[in-house]
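Reading through the structure tokens given below for one structure.
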Amino acid sequence: MCYYLSWTALNFEPEQIDPFLCTHLTYAYAKLSEENYIIQPQNLAHDFEFNGGLDLYKRLNAVKYLNPKLKVLLGLGGVLDSRRTAKHNSSGSKYTKLMETESMRRHFIDHAVNYLIYFGFDGLELHWEYPNAEDNVNLGKFIKECNIHFAMNNLLLTMNLATNPSIMDAYDVEIINRFTDFVHLMTYDFHGYYEGVTNFISPLYAFQPENSVDVAVKEFIKRGLDPEKIVVGIATYAKSYTLLRASINGVGSPVIGPGHEGPFTKTMGYLSYYEVCGNNWWHIEDKSGYTGAYVVKNQQWASYNDQKSVITKSQYVLKEKLLGVSFWSLDQDDFSDLCRRGHFPLINAAKKELNRTEPGLVAVDRCMTDGFYRDQLDCRKFFECSRGM
């Protein structure tokens, strides 16, 4: 499962997507209108074709012509759209306002169903980044009501869930578990330069157990989320730091701020995989795959997922009988093979591992058509495929 980012379309176009690489694509993002609380395009010049626009809605959904089994979802929200604005600063975000009353929710849902069908999307992914504990009940109602109308129209409903303990209380996990098709856990960005020392971006296991993929997964299961609905998020980007001293460059070394801009991403503290996988860095690999690798160059330091850590996380998904993995994002993997490890080396490493045919292992895309199938992990059980899941 993979994310396609609208703001990167000039560097990575929909036609460059391998249609068989991922089982699902999520287009990030649409936004919530602050006036009438319905879905609206994030960027007209990107989403549609008029006035020389990029027409990304149409072009991304056209990938399905090459692979009819592929599902393309529309992501709603994201970091910027989830923040409070001046209009809603005292009462929560616009998403809080949307979910307050049944009539507001129904108005949104009716419009959303028509919007998704009209533009050819197979479902909606809610990516509300910053709900509060006070939003718990209304968010649960919203998910339940969306499910009823989406299911009637053969549309998928998914969510992107934060792993920050302070945000977890906003989720009625039992409701989410019952009324979504699956959820993506944002199991990355556990650490950053703001902590004052170097650390790993998304360790599977860690010396600080509250900041690891495993602890986040186990916490959601403890709160009522079925393992088979969990998709583990994997970053195809690196978090970078500027070291205080180049000679002190291990994990936990003091830093003075974010890393320098990369030649392609041009964002401080942030590099794509293909900006760190080359030979111009000193690479320190993690042979266990539990923490991920890091690279050093003078005062620059960056933590990232290499192929080994992606494979290890994929093995973890299989061992824990989770649904699969998702990648943020397609364009930040090495899609043009700059590092000579093949196109999309990270995503392909996961795909290969998850689709091994050894006894007892189940591929992520095990649902080929709707119907009943024997569970390869337990021959006494069957599972039902519906709407591709």
Side-chain angles (χ1 to χ4, degrees), residues 1-19 21-83 85 87 93-95 97-98 104-129 146 149-150 153-160 184 264-267 326-332 335 388:
M1 305 178 190
C2 305
Y3 287 89
Y4 182 87
L5 313 183
S6 65
W7 54 93
T8 63
L10 294 176
N11 296 320
F12 178 68
E13 301 186 78
E15 292 75 18
Q16 294 175 267
I17 298 173
D18 176 350
L21 186 62
C22 312
T23 59
H24 299 68
L25 294 176
T26 296
Y27 178 64
Y29 291 108
K31 64 181 180 180
L32 182 67
S33 168
E34 201 166 10
E35 303 304 322
N36 51 13
Y37 304 97
I38 58 175
I39 297 174
Q40 69 178 75
Q42 182 76 259
N43 188 326
L44 291 174
H46 283 183
D47 297 339
F48 304 125
E49 64 178 338
F50 58 83
N51 294 328
L54 298 178
D55 204 15
L56 294 179
Y57 276 15
K58 182 178 179 179
R59 292 167 64 194
L60 195 62
N61 276 292
V63 179
K64 291 186 288 187
Y65 292 126
L66 300 173
N67 178 11
K69 296 174 185 175
L70 178 67
K71 303 294 183 183
V72 179
L73 286 77
L74 180 63
L76 173 66
V79 173
L80 296 179
D81 199 51
S82 298
R83 290 175 178 167
T85 63
K87 182 175 180 179
S93 76
K94 56 186 175 182
Y95 288 89
K97 180 68 174 178
L98 161 65
M104 290 278 285
R105 297 192 297 267
R106 182 58 189 269
H107 176 63
F108 170 90
I109 292 167
D110 288 343
H111 175 268
V113 168
N114 291 328
Y115 192 94
L116 295 169
I117 293 173
Y118 181 82
F119 290 111
F121 290 101
D122 297 297
L124 183 74
E125 178 177 312
L126 178 62
H127 198 148
W128 182 14
E129 292 263 2
C146 278
H149 296 278
F150 279 37
N153 289 277
N154 201 32
L155 293 169
L156 295 169
L157 176 63
T158 72
M159 289 186 68
N160 211 304
H184 299 261
F264 299 100
T265 50
K266 300 185 185 303
T267 302
S326 62
F327 287 89
W328 184 281
S329 57
L330 278 166
D331 63 285
Q332 293 171 105
F335 62 88

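Not measured: the values here are computed from a predicted model.
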> Which residues satisfy the side chain to side chain donor-acceptor pair (under 3.5 Å) test with T8, sequence neighbours excluded?
Replying inline: none
>> Applying side chain to side chain donor-acceptor pair (under 3.5 Å), can you list everything that pairs with N67, at least two apart in sequence or on another chain?
In response: none
Side chain proximity check, [X] to [Y], heavy atoms < 4.5 angstrom:
X	Y	value
H184	Y3	yes
Y37	K97	yes
L98	K94	no
D18	F335	no
N11	D331	no
N51	L44	no
L330	Q16	no
I39	H111	yes

> Looking at V72, L156, T158, which one forms a side-chain contact (heavy atoms from CB on, under 4.5 Å) with H24?
Replying inline: L156
When rounded to the nearest 0.5 angstrom, what distance separates [atom1] in [X] from [atom2] in [Y]?
X	Y	atom1	atom2	value
L66	K69	CG	NZ	14.0 Å
L25	L60	CG	CG	5.5 Å
L126	L73	CG	CG	12.0 Å
I17	R59	CD1	CZ	9.5 Å

>> Has K64 got a side-chain atom pairing as donor or acceptor with G120's backbone, closer than 3.5 angstrom?
In response: yes
>> Strictly distance-based, threshold 3.5 Å: is any side-chain N or O of Y95 a donor or acceptor partner for the main-chain N or O of D81?
In response: no
> Excluding sequence neighbours, so at least two apart, what forms disulfide bond (SG atoms under 2.5 Å apart) with C2?
Replying inline: C22
For [X] against [Y], the heavy-atom pair lying closest together:
X	Y	result
S93	S82	CB-O, 3.6 Å
L56	S6	CD1-O, 3.9 Å
L124	L76	CD1-CB, 3.9 Å
I38	F108	CA-CD1, 4.0 Å

Could you tell me which residues satisfy ring pair (Phe, Tyr, Trp, His ring centres under 6.0 Å) with [X], sequence neighbours excluded, listed by chain and number?
X	result
H127	Y29
H149	none
Y57	Y27, F48, F119, F121

